[in-house]
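Below, each value reflects all heavy atoms present in this structure, side chains not excepted, and no hydrogens, waters or symmetry copies.
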Amino acid sequence: MYVCLCNAVSDKTIRSTVQRFQPQSIRELKCLVPVGNKCGKCIRVAREILEDELNRV
Ligand code: FES
């Protein structure tokens, strides 16, 4: 499903990016994938996915 509609970024893209590059904050994630840089509505869900992936190990 799309998390960020503005930039067409899916949850799968966010999960694979987190697994691969291990960003430690939403700020670091934003450097890797274009989430939250327009309307900002996706930030909360993107953060939840980031935390979920980081806690997975
Ligand atoms: Fe992500 Fe708008 S939905 S910036």
Side-chain angles (χ1 to χ4, degrees):
M1 84 182 174
Y2 282 124
V3 172
C4 181
L5 289 176
C6 293
N7 297 309
V9 177
S10 69
D11 59 328
K12 277 186 186 168
T13 299
I14 294 175
R15 285 187 191 282
S16 62
T17 301
V18 175
Q19 285 165 15
R20 197 161 167 201
F21 298 104
Q22 298 283 304
Q24 296 299 307
S25 66
I26 195 76
R27 204 167 150 206
E28 287 181 19
L29 178 66
K30 283 170 76 176
C31 294
L32 299 165
V33 286
V35 288
N37 62 2
K38 290 184 181 158
C39 76
K41 284 183 185 160
C42 56
I43 286 291
R44 191 179 58 81
V45 175
R47 183 177 287 121
E48 283 172 10
I49 294 171
L50 170 66
E51 286 170 3
D52 187 50
E53 279 304 314
L54 291 176
N55 290 332
R56 197 174 276 269
V57 187

Task: pair Leu5-Cys42: side-chain heavy atoms closer than 4.5 Å - done: no
Task: Donor-acceptor under 3.5 Å (Asn55 side chain, Glu51 main chain) - done: yes
- [ ] Using modelled atom types only, decide if a donor and an acceptor are shared between the side chain of Asn7 and the backbone of Pro34 within a distance under 3.5 Å.
- [x] yes
Task: Main-chain N/O of Ile49 paired to Glu53 side chain as donor or acceptor, under 3.5 Å - done: no
Task: CZ-CG distance between Phe21 and Leu29, expressed to the nearest 0.5 angstrom - done: 11.0 Å
Open item on the list: Go through it in stages, so that I can follow the logic: the residues are Val3 and Val45, the test is side-chain contact (heavy atoms from CB on, under 4.5 Å), and I'd like the CA-CA distance, side-chain angles, deciding distance and then a yes or no.
Closed with: CA-CA 7 Å; Val3 172; Val45 175; 3.9 Å; yes
- [ ] Hey, could you give me the CD1/CD1 distance between Ile43 and Ile26, rounded to the nearest 0.5 Å?
- [x] 4.5 Å
TODO: Can you see which heavy atom on Gln22 is nearest to which on Gln19, and at what distance?
DONE: NE2-O, 3.4 Å
Task: Closest approach of Cys4 to Gly36 (non-hydrogen atoms, all atoms of both residues) - done: SG-N, 4.0 Å
- [ ] Begin with the C-alpha distance, continue with both residues' side-chain angles, and end with the deciding distance and a verdict on side-chain contact (heavy atoms from CB on, under 4.5 Å) for Arg15 and Arg56.
- [x] CA-CA 11 Å; Arg15 285 187 191 282; Arg56 197 174 276 269; 3.6 Å; yes
TODO: Applying side-chain contact (heavy atoms from CB on, under 4.5 Å) between Leu32 and each of Ile14, Thr17, Thr13, Val18, report the one that passes.
DONE: Thr17
Open item on the list: Do Tyr2 and Leu50 land in one hydrophobic cluster if side-chain heavy atoms of ILVMFWY residues count as linked below 4.5 Å?
Closed with: no
